Protein chains: 2
Amino acid sequence: MTTTHSADGAVPLDRVWPDEFFTDLDHNCPVPLYYQVSTRLERAICDGDIPAGARLENEVAIAQRLGVSRATARRSIQALVDKGLLVRRRGIGTQVVQGQVPRPLELSSLYDELKDTDHAPATRVLLHEVLPATGPIAERLRVPEGDDVLHIRRLRTSDGGPVAILENYLPGGFLDLSAGELAAQGLYQLFRARGVAIRVANQAVSARLVDAEEADLLGIASGDPVLTMERIAFDDPGDVVEYGTHCYRPDLYAFETTLVAK
Amino acid sequence: MTTTHSADGAVPLDRVWPDEFFTDLDHNCPVPLYYQVSTRLERAICDGDIPAGARLENEVAIAQRLGVSRATARRSIQALVDKGLLVRRRGIGTQVVQGQVPRPLELSSLYDELKDTDHAPATRVLLHEVLPATGPIAERLRVPEGDDVLHIRRLRTSDGGPVAILENYLPGGFLDLSAGELAAQGLYQLFRARGVAIRVANQAVSARLVDAEEADLLGIASGDPVLTMERIAFDDPGDVVEYGTHCYRPDLYAFETTLVAK
DNA sequence: TAGTGGTCTAGACCACTGT
DNA sequence: CAGTGGTCTAGACCACTAA
């Protein structure tokens with residue numbers, strides 16, 4: 001067998017690197033080089049321009065072709081390894097993962113998810129009140145008991161049908177969030193608009209039976225199950241931004257994730 | 001205010017770096033330097049030896065103290081940033097996240113989870129058969145329809161009580177997995193023992209009502225809800241290793257996760 | 001302005017894999 | 001053995017933040 005083929009349509013086993021996708025790298029652009037490479041490479045893979053199972057050229061060769069250091073090339077590749085698109089094996093090489101399309105999804109809001117998947121999200125604000133934090137709420141929001149917090153309850157619909165009931169508590173800094181704002185945008189959008197970036201969140205997903213009021217709101221029968229999610233979200237400095245307990249119609253919603261081993 | 005305090009018990013606002021935790025770094029050890037630093041640093045944070053909210057010394061100083069390059073020190077810190085324990089801000093510094101203990105949890109098996117949390121997991125094999133793959137199963141396992149696959153159904157108990165019913169299909173390479181092995185160990189343990197490393201998994205969590213047989217097995221009433229999980233797991237080269245549909249008692253189990261924003 | 005993290009380079013040596 | 005990814009170094013310049 002020779003070492004280099006060029007146009008064998010069937011199974012390109014030899015090293016692959018499509019230079020043509022990387023002609024417009026800009027070393028003077030404010031966007032980092034590794035990111036430019038990474039995004040282009042990701043697109044080439046997702047579009048199938050680099051076929052599943054293909055072996056990439058080795059890192060030093062890639063770095064040379066791109067005109068960047070090996071560290072930079074490596075960092076670009078690492079980003080896709082972390083996403084589960086590429087697999088590295090020492091002594092072997094780097095390979096595109098075999099057929100599958102691992103969806104991204106992480107730490108996003110229901111509103112964003114629905115919007116991104118071409119559903120039309122809408123929100124009805126069922127409750128909007130400021131009250132002093134009771135024990136359990138104060139504990140979860142990490143504020144002193146008795147501090148004013150915002151308590152909201154929303155019905156989230158998608159394409160007109162009810163999908164979830166979202167109950168949230170927010171600490172003192174957000175008392176001025178209006179019902180109008182909450183009806184028009186997702187909670188996490190409002191956070192972003194205020195310059196609050198969610199950094200970490202702890203969440204637990206489970207199930208229970210629906211209660212009568214929820215059944216009515218969600219348009220399901222009493223005795224039906226609901227999917228539940230409880231979440232505490234933290235901002236950059238580690239302060240609690242939101243505590244929420246949500247319940248979802250399990251026939252309309254599931255928590256889908258792609259997990260990548262460390 | 002002076003720039004360096006030493007023993008002000010209350011609020012150590014100045015830069016923090018406990019040299020004493022890093023006296024045993026071994027440059028000749030096969031375990032990577034960045035990993036040695038990272039694990040020690042993580043423990044110091046989790047044990048509270050570096051208090052929540054503390055600001056770390058700057059990266060160049062840390063690197064000097066450790067006797068490593070800045071890149072290595074940086075990589076150690078980055079690992080903890082990815083875990084949500086640290087926050088970096090350009091022009092400001094690196095800070096320990098304010099009070100919380102984000103649990104790890106990612107791509108692990110129920111068996112491991114129970115074991116790690118000091119519960120005693122046990123497995124009863126309810127079903128163990130080899131059969132030709134029907135359409136939907138073949139599609140999910142990415143094997144030709146009619147290929148032999150292993151179909152298993154297990155009851156997982158914790159401290160003697162039933163927690164979940166695990167139904168799985170495995171492709172041809174695993175037909176020889178015995179019922180005895182499955183009773184004694186978790187599925188993912190068996191994979192590891194065979195040198196199969198799970199790399200990526202797609203999973204969806206939802207809820208439904210329990211059926212009569214399941215209710216009996218799980219020791220709950222018919223009409224009760226169960227938490228469901230469906231998962232397809234891929235190994236290093238991207239081949240499907242396992243397809244499973246599980247159902248859990250929601251009063252005994254929840255999917256807990258810590259999400260970190262990219 | 002001085003200090004911080006964010007990026008990048010051009011080397012180097014090693015451990016592992018196949019032949 | 002030669003080739004691969006994994007790690008590490010010692011520099012450098014930049015963008016951002018605060019005083």
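Just so you know, these numbers use all the heavy atoms, side chains as well, and skip hydrogens, waters and symmetry mates. Just so we're clear, the structure is a prediction, and the values are computed from it rather than from any experiment. Here is how names work: the chains are called A, B, and so on, in the same order as the sequence lines, proteins then strands, and each is numbered from 1.
- Contacts with DNA chain C (heavy atom under 4.0 Å) in residues 63-76 of chain B: B/Arg70, B/Arg74, listed by number.
- Checked against salt bridge (Lys or Arg N to Asp or Glu O under 4.0 Å), B/Arg43 has no partners two or more places apart in sequence or in another chain.
- Reading DNA chain D from its 5' end, the first and the last nucleotide to sit under 4.0 Å from a heavy atom of chain B are D/dT7 to D/dA18.
- With sequence neighbours excluded, no residue forms a salt bridge (Lys or Arg N to Asp or Glu O under 4.0 Å) with B/Asp47.
- Checked against salt bridge (Lys or Arg N to Asp or Glu O under 4.0 Å), A/Asp24 has the following partners two or more places apart in sequence or in another chain: A/Arg40.
- Every pair passing salt bridge (Lys or Arg N to Asp or Glu O under 4.0 Å) that includes a residue from residues 169-186 of chain B is listed here, sequence neighbours excluded: B/Asp176-B/Arg194.
- At least one donor-acceptor pair closer than 3.5 Å links the side chain of A/Thr39 to the backbone N or O of A/Tyr35.
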Distance-only criterion, 3.5 Å: show the donor-acceptor pairs between side-chain atoms of residues 84-94 of chain B and protein atoms not counting sequence neighbours.
unit_1  : atom_1 : unit_2  : atom_2 : d
B/Arg88 : NH1    : B/Gln78 : OE1    : 2.4
B/Arg88 : NH2    : B/Glu59 : OE2    : 2.7
B/Arg89 : NH2    : B/Gln95 : OE1    : 2.9

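- Comparing B/Asn58 and A/Val31 along DNA chain C, the residue whose closest nucleotide (by nearest heavy atom) sits nearer the 5' end is B/Asn58.
- Of the two residues contacting DNA chain D, namely B/His27 and A/Arg90, the nearest-nucleotide position lying further toward the 5' end is that of A/Arg90.
- For the ring-ring contact (aromatic ring centres under 6.0 Å, His included) test, no residue two or more places apart in sequence or in another chain qualifies with B/Tyr243.
- In this structure A/Tyr34 satisfies the ring-ring contact (aromatic ring centres under 6.0 Å, His included) test with no other residue, sequence neighbours excluded.
- What separates CD of B/Gln95 from C1' of C/dT4 is a distance of 13 Å, to the nearest Å.
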